[in-house]
Amino acid sequence: MPTLVLFMPWRTQGIVSVWDCMTSNKEDLSQKLRPVSSDASNSNPNISDPMDEFIQERLRARSTSQGMTRRGSSPGSLEIPKDLPDLLTRQCATRPIDDPGVPSEWTCPASASSSDLISSDSHSDSFNAFQSDGCKFENFHFGPEVCTVGSLELDGSPSQPQTAEEQELASLTTLHIDSETSSLSQQPLSADTVTITGSESASPAHSPGGSRSQTPSPATLNAEHMEHKDLQLDEKLHHSVLQTPDDLETSEFPTEDCSVMAGGSLTGWHADVATVMWRRMLGILGDVNSIKDPEIHAQVFDYLCELWQNLAKIRDNLGISLDNQTSPRPPALIPPLRILTPWLFKATMLTERYKQGKLHAYKLICKIMKRRQDVSPNSDFLTHFYNIMHCGLLHVDQDIVNTIIKHCSPRFFSIGLPGATMLILDFIVAASRVTACSSLNAPRVEAQILLGSLVCFPNLYEELPALHPTTADVVMTKFRDVKEHIIKHILSSAREEPSAPARCVALCSLGIWLCEELIHNTQHPQIKEALNVICVTLKFPNKTVAMVASDILHLLINYVQDLQKFPPDTPKKIVEILIATITYLLPTTESSPHEPDKRLVVSLLLCMLDWVMALPPKTLLQPVHTLGPDKDKADKSVLSCIYKVLHGCVYGAQNFSNPRYFPINLSDLASTDYDPFLPLESLKEPEPLHSPDSERSSKLQPVTEVKSRMQQGLISIAARTVITHLVNHLGHYPMSGGPAMLTSQICENQDNPYSECADLSPELFESPNLQFFVLNGTTLLSSLQIRAEDNVPGGGMSAGLTTTSSSVRIIVRDISGKYSWDSAILYGPPHCAQPSQPLGLIVPHAHQAQPSEEDRERLQEEDLEEDEEEQKEEEEAAGEEVEREEENQDAGEGEDEEEEDEEDESTLEFMAPLAKRRCREVVPSWDSIQDEEDALDEMLQYLGVTSPECLQRAGAPLNIPAPPPSCVSEKQENDVINAILKQFTEEKEFAERRNNDINMRAMEQEEPSPQKPQSAFYYCRLLLNILGMNSWEKRSNFHLLKKNEKLLRELKNLDSRQCRETHKIAVFYVAEGQEDKHSILSNTRGSQAYEDFVSGLGWEVNLTSHCGFMGGLQRNRSTGLTTPYFATSTVEVMFHVSTRMPPDSDDSLTKKLRHLGNDEVHIVWSEHSRDYRRGIIPTEFGDVLIIIYPVKNHMYSIQILKKPEVPFFGPLFDGAIVDEKILPTLVRATAINASRALKSLIPLYQNFYEERARYLETIVQHHLEPTTFEDYAAQVFCPAPFHHLPSEADH
């Protein structure tokens, strides 16, 4: 343990330098020091007299021998009495354990669980000042007896009673120490770490002769002295250097490995020697509150603040890793950070004459108690502390209240002091007093932070017991309206706070409270008022404050489902307010030369975009409810107003003068829940929240001309991006590819038969199936002809329809991203693809109701063999056909005539005509007569049936053949008939024999076969022509791009740029006791609370298959297999979680540190008992640290460390306390806003949409190829010299 020597260079007059006195020789000191006055009442009241007396007595004691000797002047030359262990054993069973006693200054930091069991090094009470008989709290009276020191017996002599003068002198030299700084060890003290010193150095004893004797030490204590010690210690407690030997048990008392002053045998300067000397020098001064001069009193307490600050720095540097590779064991000795509290407590009770010293005392008390306590204070100490704070917060002096508020903020409630919630109402009242005063020098930001840190407490403690804030007496009362008190003051500050930083903190507190109420579904009535204040602040003149309001409104998108419950149209109302606010701000913003004005409108546009994407389309199609009498306004839908305000942002606010393009007025949205003109107090601080010439921005001053040119089109570019985004993704996000997929990843080389490279390469320029175009000067378009897909499940692109063997792929690159479309010509249904068949070979469809085709074919074949059999079979077949036709007519009267027209006539022409023998009951009409029927024959038959009187002979039908003439015999008639039949048969046989003779047939008209296009770009040209791109009218907007390698590099660079805002954020887990980077980076898992928090930041993605933003992580598993990822349609966040990355080797740790250390925003989950130090992870980045400390009851304290030049960001702020339900969402939103704030410091920084738009503009300017119409048509007809396709492309 290194030696720590502390000196107190007191600056008050009349005080002789302690160090000079102790290092001078005895003779010089004797000459310098005045003799001790025997009449204390006549002595100078200056503090130097008792110090001189004390030193003289110490020097005289050197020359006397009282049973032991001193060897020289070194503090290490003191000898130890031989009976000291027995004395220690004898004194350990007499003192009650609840007597606090005087603590040791250098305490061991552990054993907080035994904080109520403390050790003592004196029989005098350190709380005598507060625990007079029966007066524990009554007015905290400090009488002369407070500083009285009981006399000690030395060498067996009886003690002499002290006179009043001696008591006064003793009061000047006695230091009452806080009992809670007594030493408690974290581990058993070893021989090399335990040191012991006399703690009586602060209480000079008196000799039997009435003169002062030396301060008791291990070399001067005896048994009689020990008999007056009453102390009982718990055996589990361990002790450190400022305990006297009588505080130690024999088993723990070292005999060899500590200095003589601590009871050992080592000589020279050691840590325990320095500690004893430091305390003795401090104790020489006595009670500093007895200083009469207020100015000196204030100087002393100002130095005490400086002294404590040094002690705090020493404590912060103890127990830290020197090589940053291993975490050391907790230190055995720690500085006594609460040693000064008795002086401080007493100082707060002094009169108004000592006001400056009181303010220093309050300041130091607050600083001491808002630190993480190595040893938890016991109940006695906390009782006095809370009582003093209660009185101070209710003090009539505003300066005292301001001091407490300033130095207790921001972490008073986050360190988890037992019973700290008793002061909640006191702090609320005190903070409201600070915010109500008109002084800008008051701690307004600190007051807002304290109020904001309490917004989550009321839902946790529904009935909160607290001290009553209207009386200084200790009156405990249970309050149920704490939430109303908190939100009342926060709402008031959000409207009226004159300080810009404090106004921002108030708005952030309002946002945290809204999230808390929405997630707990409390339906609090002031939610509407809080939303009203935030929405009205969007048009606040101070753009920094307005940006914070915009960020809070952006945060509430995460709770859109909860907002719809209170009331249901709240999200729609917020979108309408955003539209009206942009309409209100746009005219003045366009003419403003200031960039923050334009950045605010852009922020509102992006906020509106995210709100619109979060709402269903049916909500956006609802009409805007306005109070205006105009019917047109009442008929406007929300979506229509959105596009109108975007149109005005693109083409200028002058378009709003046309009523057709005016969206909506703020006054039209006035209602009982929303007052668009709610009065807001203006700020009284002219200075900005941060210096515009920050350290980072001063490295490269932006060029004024370039910056002004960028600002001119800032709003227009953002509005164009929002329009394109809404057209592409409204109602269609996330897409089927998941939230990580927003644009296409297809390039021109994929599926290209003329390209074999896996990336864009110059061989693409030789592809005759590819051409590059630019449309409207803003969009790059690639047209590629590829082979059509075959054997694809579901039919592929054509889905089984008749199409070609090639398709056209269009790749579009615009401001919103890259998109790829495949198109193909569709000819018709599948049967259109079958080539035409000869008429006799076409098989009719099975569903057509026609006579049996098999019968007809059989008749046709048999008819060709012989005539007689043919005729008989034809007659039978004809009879069957007649019967079937009649049945079909009866059963299918409703059949279409198209089915009858599809009969095969080629088989009917070979059938002999036969008369129909069928009864007719109706007059035969032309429509009812079939083709093979004779109309006259049918009519004669009908007449014979319906009018028998017309028959020539009874029973003889009219349609029978007439009898042969009288001149022709029956034989002649039969001969003629046979001749006709024979002729018919011969002609038929001849035709059958000669049917295949080419000379007997007419020339067949062949169907043309499909013609395959010879050009590899034919279908692309056809599509462009159909779309009208090849027309003369489009020439001014449609151009070719120059084909060169530089264009390929530009396309690759453009494709590598993200189409959304991207952030990469590091997440660390710090376990208990980890003080070095190696231990922290080696963690592979954390606590359950940490894992739940990480899962709330985003969803886990597999890095090997993740298609979104990678944040520099690798797909080869070298940086882990999975990691949390979060995305909306406008933002992507990749979290670099230290516990997800493999730490299996030093190389892996180096790679892990490279990824984590290069992130500018670090989220640190710390379960260590000490505050996280920024230097543990050495990096030049990490400009913002968001540190999360778990506290009790599932609450979490937030600490934010950032560089001074970083602008304000929210919603979380340093000192915020939130519960676990809203913690991941708030931390993620804060980290994103912090990343944006850091990027805003980069000179000439451009957002993702600005960068992409300007890059597209650069490509068009440098690569557009001006051509005549003839050259353009030639390159569209043939993009590259034709050469044959590869062999596999012929199919």
Side-chain angles (χ1 to χ4, degrees), residues 643-644 646-655 658 660-661 709-710 712-728 748 764-765 767-785 808-821 823 1015 1017-1044 1046-1048 1050-1051 1053-1055 1249-1280:
Y643 281 111
K644 286 180 180 179
L646 293 174
H647 179 270
C649 291
V650 173
Y651 297 104
Q654 66 274 9
N655 289 274
N658 188 344
R660 295 179 53 191
Y661 296 105
R709 183 176 63 85
M710 291 170 54
Q712 289 177 359
L714 185 61
I715 297 177
S716 176
I717 293 175
R720 284 170 46 205
T721 304
V722 174
I723 292 174
T724 309
H725 193 95
L726 289 177
V727 171
N728 292 341
E748 287 79 359
L764 290 175
F765 299 143
S767 301
N769 61 337
L770 174 64
Q771 188 59 277
F772 298 91
F773 302 93
V774 56
L775 177 63
N776 296 328
T778 59
T779 303
L780 305 182
L781 188 146
S782 301
S783 183
L784 172 68
Q785 181 172 312
V808 178
R809 176 169 294 171
I810 301 295
I811 300 177
V812 180
R813 295 176 175 90
D814 63 3
I815 191 174
S816 64
K818 182 172 68 171
Y819 308 94
S820 178
W821 293 83
S823 59
S1015 173
F1017 198 69
Y1018 170 78
Y1019 293 109
C1020 296
R1021 184 172 71 244
L1022 178 60
L1023 178 61
L1024 294 175
N1025 191 61
I1026 293 174
L1027 297 177
M1029 296 301 175
N1030 292 336
S1031 64
W1032 176 258
E1033 292 77 8
K1034 293 288 185 179
R1035 283 292 295 126
S1036 58
N1037 299 322
F1038 198 65
H1039 299 276
L1040 296 171
L1041 285 175
K1042 298 176 182 178
K1043 294 181 178 180
N1044 50 48
K1046 187 176 181 181
L1047 174 63
L1048 290 181
E1050 302 282 12
L1051 292 179
N1053 196 359
L1054 181 64
D1055 292 343
Y1249 52 87
E1250 298 177 77
E1251 185 182 56
R1252 189 170 183 88
R1254 301 192 191 284
Y1255 203 80
L1256 282 169
E1257 181 182 353
T1258 301
I1259 293 177
V1260 172
Q1261 289 178 352
H1262 294 168
H1263 299 283
L1264 187 142
E1265 183 176 6
T1267 57
T1268 62
F1269 184 79
E1270 291 77 11
D1271 292 339
Y1272 165 81
Q1275 293 196 41
V1276 169
F1277 186 84
C1278 183

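For the single chain, residues carry numbers from 1 onward in sequence order. None of the values given here were measured: they were computed from a predicted structure.
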Scan side-chain atoms only and decide if Tyr819 and Asp814 contain a donor-acceptor pair under the 3.5 Å cut-off.
-> no
So CD of Gln1261 and CD of Glu1257: to nearest 0.5 Å the spacing works out to 5.0 Å
Donor-acceptor pair, side chain of Ser1031 and main chain of Gly1028, under 3.5 angstrom = yes
Taking it one step at a time, do Phe1017 and Phe1277 satisfy ring pair (Phe, Tyr, Trp, His ring centres under 6.0 Å)?
-> CA-CA 7 Å; Phe1017 198 69; Phe1277 186 84; 9.6 Å; no
Just how far is it from atom CD1 of Ile717 to atom OG1 of Thr721, taken to the nearest 0.5 Å?
-> 7.5 Å
Ser783 (side chain) donor-acceptor with Ile810 (main chain) under 3.5 angstrom = no
What distance do Lys1043 atom NZ and Phe772 atom CZ have between them, rounded to the nearest 0.5 Å?
-> 6.5 Å
Would you check, one step at a time, whether the test ring pair (Phe, Tyr, Trp, His ring centres under 6.0 Å) holds for Tyr661 with His647?
-> CA-CA 8 Å; Tyr661 296 105; His647 179 270; 4.8 Å; yes
Residue pairs meeting salt bridge (charged side-chain N to carboxylate O under 4.0 Å, His left out), one or both in residues 1264-1279, sequence neighbours left out, come to none
Is it the case that Arg1035 places NZ or CZ above or below the six-membered ring of Tyr1272, under 6.0 angstrom from the centre and within 45 degrees of the axis?
-> yes
Close side-chain approach of Thr779 and Val774, heavy atoms under 4.5 Å = no
Distance in Å, Ile723 CD1 paired with Leu646 CG, rounded so as to fall on 0.5 Å steps | 4.5 Å
Any donor-acceptor N/O pair, Asn769 side chain to Gln785 backbone, under 3.5 Å | yes
Is the side chain of Asn776 donor-acceptor paired with the backbone N or O of Thr778 at a distance under 3.5 Å, no angle test?
-> no
Just wondering, do Leu780 and Val1260 contact through their side chains at under 4.5 Å, heavy atoms?
-> yes
Any donor-acceptor pair under 3.5 Å linking the side chain of Asn655 with the backbone of Gly652?
-> yes
Report yes if the side chains of Leu1054 and Ile1259 come closer than 4.5 Å at any heavy-atom pair, otherwise no.
-> yes
If only atom types and distance count, is the side chain of Gln771 paired as donor or acceptor with the main-chain N or O of Pro768 below 3.5 Å?
-> no
Does Glu748 come within less than 4.0 Å of Arg813, counting only side-chain N to carboxylate O?
-> yes
Side-chain donor or acceptor of Lys1034 paired with backbone N/O of Leu1027 under 3.5 Å = no
